[in-house]
Amino acid sequence: MSTLTHLLYLHGFRSSPQSAKAQRMRAWAQTQNLHWSCPALPPSPAQAMAEVMALVGDWPDTGCAVVGSSLGGFYAAWVGQQRPNWRVGLLNPAVSPARDLAAYIGENRQWHAPESSFFFRPEYVTELQRLHAGRLSDAPRWMALIAKGDEVLDWRDMLARYGLGRVLLLGGSDHALSDFARWQPEFTRHLLSTS
């Protein structure tokens, strides 16, 4: 793998580019002089991925990485399959969002802007089903940071789905990875790795 030059970060459901992890990764990307992008994703999964692929359309085939948290991890796996030379970093990645988010059909509020709301439509569940990345391959590209203390997603499901490459399995922590600062150096070493 070539030297990292571009980093794409995909946030989770009800989250935003203002999340603590996104901001920490943005600050790190600046120290590395990386081309950084963390778009605000629309609620429609199909639209979100269309916008992401348009955003990275002129990015190189190598020297890029995609990082995703929760639903953004599910999206990052899909992007990683479209770009087979990119490194992939997953933070408590969603495994079956079509199943899990069916309970959220209707109006939802943003975590970082509670005054803002969006409508999650029934057809978005079908869009999520269509975005399943299929069988993952090329283990050295992948890294997953998975917390056994995740109160939203089952760590066993995450490990079974995304554990093909390097895994940091945390004994505690939580879904938000409140202690991400502790693990970020090891996580980012994977993104910088050229082997």
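Hydrogens, waters and symmetry mates play no part in the numbers below; they use all other heavy atoms, side chains included.
- Taking CG from L91 and CD1 from I146, the interatomic distance works out to 10.0 Å, rounded to the nearest 0.5 Å.
- For H35, there are no side-chain hydrogen bond (donor to acceptor under 3.5 Å, both in side chains) partners, not counting sequence neighbours.
- For the residue pair N92 and D150, a side-chain donor N or O sits within less than 3.5 Å of a side-chain acceptor on the partner.
- Expressed to the nearest 0.5 Å, how far CD of E127 lies from CD of Q129 amounts to 10.5 Å.
- By the 4.5 Å heavy-atom criterion applied to side chains, R26 and Y9 are not counted as neighbours.
- Contact check for L90 versus V67: no side-chain heavy atoms found under the 4.5 Å cut-off.
- Counting only heavy atoms from C-beta outward, the side chains of R87 and C64 never approach each other to under 4.5 Å.
- A pairwise comparison of heavy atoms in F120 and L101 identifies CE2-O, 3.5 Å as the closest pair.
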Inset, instruction - Give the C-alpha distance, both sets of side-chain angles, the deciding distance and a yes or no for side chain to side chain contact (heavy atoms under 4.5 Å, CB included) between R83 and V88. - result: CA-CA 10 Å; R83 296 295 182 102; V88 183; over 6 Å; no

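- There is a side-chain donor-acceptor pair under 3.5 Å between D174 and S178.
- Judged by distance alone, with hydrogens and angles left aside, the side-chain atoms of N108 form a donor-acceptor pair with the main-chain N or O of G106 at under 3.5 Å.
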Inset, instruction - Give the C-alpha distance, both sets of side-chain angles, the deciding distance and a yes or no for side chain to side chain contact (heavy atoms under 4.5 Å, CB included) between W36 and M25. - result: CA-CA 9 Å; W36 161 263; M25 288 300 297; 3.8 Å; yes

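- Here the side chain of Q81 pairs no donor or acceptor atom with the backbone of G134 at under 3.5 angstrom.
- Put simply, the side chain of T188 gets close to the backbone of Q184: a donor and an acceptor are under 3.5 Å apart.
- When the side-chain hydrogen bond (donor to acceptor under 3.5 Å, both in side chains) test is applied to Q47, the partners found at least two apart in sequence or on another chain are E51.
- By the 4.5 Å heavy-atom criterion applied to side chains, W59 and L8 are counted as neighbours.
- The two atoms that bring A98 and V125 nearest to each other are O-CG1, 3.4 Å, heavy atoms only.
- Distance check: L168 CG to W183 CH2 gives 6.5 Å after rounding to the nearest 0.5 Å.
- Separating the NE2 atom in H6 from the CG atom in D58 is a distance of 7.0 Å, to the nearest 0.5 Å.
- The backbone N or O of A176 sits less than 3.5 Å from a side-chain atom of K21, completing a donor-acceptor pair.
- Residue W155 is not grouped with residue F180 when hydrophobic side chains (ILVMFWY) are merged at heavy-atom distances under 4.5 angstrom, including chains of intermediate members.
- The backbone N or O of S137 lies less than 3.5 Å from a partner atom in the side chain of W142, making a donor-acceptor pair.
- Between S15 and L71 there is no side-chain heavy-atom pair separated by less than 4.5 Å.
- Residues H11 and S69 bring no donor and acceptor atom of their side chains to less than 3.5 Å of each other.
- Residues L34 and M143 share a hydrophobic cluster, clusters being chains of Ile/Leu/Val/Met/Phe/Trp/Tyr side chains in contact below 4.5 Å.
- A salt bridge links R141 to D138: one of the charged nitrogens lies within less than 4.0 Å of a carboxylate oxygen.
- With rounding to the nearest 0.5 Å, the separation of NE2 in H132 from CZ in R130 is 15.0 Å.
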Inset, instruction - Decide yes or no on side chain to side chain contact (heavy atoms under 4.5 Å, CB included) for F74 and L131, but give the supporting numbers first. - result: CA-CA 9 Å; F74 176 84; L131 286 171; 4.0 Å; yes

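- Between Y162 and V167, the closest side-chain pair of non-hydrogen atoms is not below 4.5 Å.
- Heavy-atom minimum distance, A139 versus L164: CB-O, 3.2 Å.
- By the criterion of side-chain heavy atoms lying less than 4.5 angstrom apart, applied directly or through intervening Ile, Leu, Val, Met, Phe, Trp or Tyr residues, L4 is not grouped with V66; the two fall into different hydrophobic clusters.
- There is a side-chain donor-acceptor pair under 3.5 Å between D179 and S173.
- Put simply, the side chain of L169 reaches to within 4.5 Å of the side chain of K148, judged on heavy atoms.
- Heavy-atom minimum distance, P60 versus T5: CG-OG1, 4.4 Å.
- Side-chain contact between T62 and W86: absent, with no pair of heavy atoms (C-beta onward) separated by less than 4.5 Å.
- The backbone N or O of F119 lies less than 3.5 Å from no partner atom in the side chain of E107, so there is not a single donor-acceptor pair.
- The shortest heavy-atom contact between P17 and Q23 is O-NE2, 2.8 Å.
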Inset, instruction - Dump the intermediate steps for side chain to side chain contact (heavy atoms under 4.5 Å, CB included) on L177 and L145, then the final yes or no. - result: CA-CA 9 Å; L177 291 170; L145 184 54; 4.0 Å; yes

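- Atom-to-atom distance recorded for L10:CG and C38:SG is 7.5 Å, nearest 0.5 angstrom.
- Pairing each heavy atom of S2 with each of G63, the nearest pair is OG-N, 3.0 Å.
- For the pair S70 (side chain) and P93 (backbone), a donor-acceptor distance under 3.5 Å is absent.
- Not less than 6.0 angstrom separates the ring centroid of Y124 from the ring centroid of F13.
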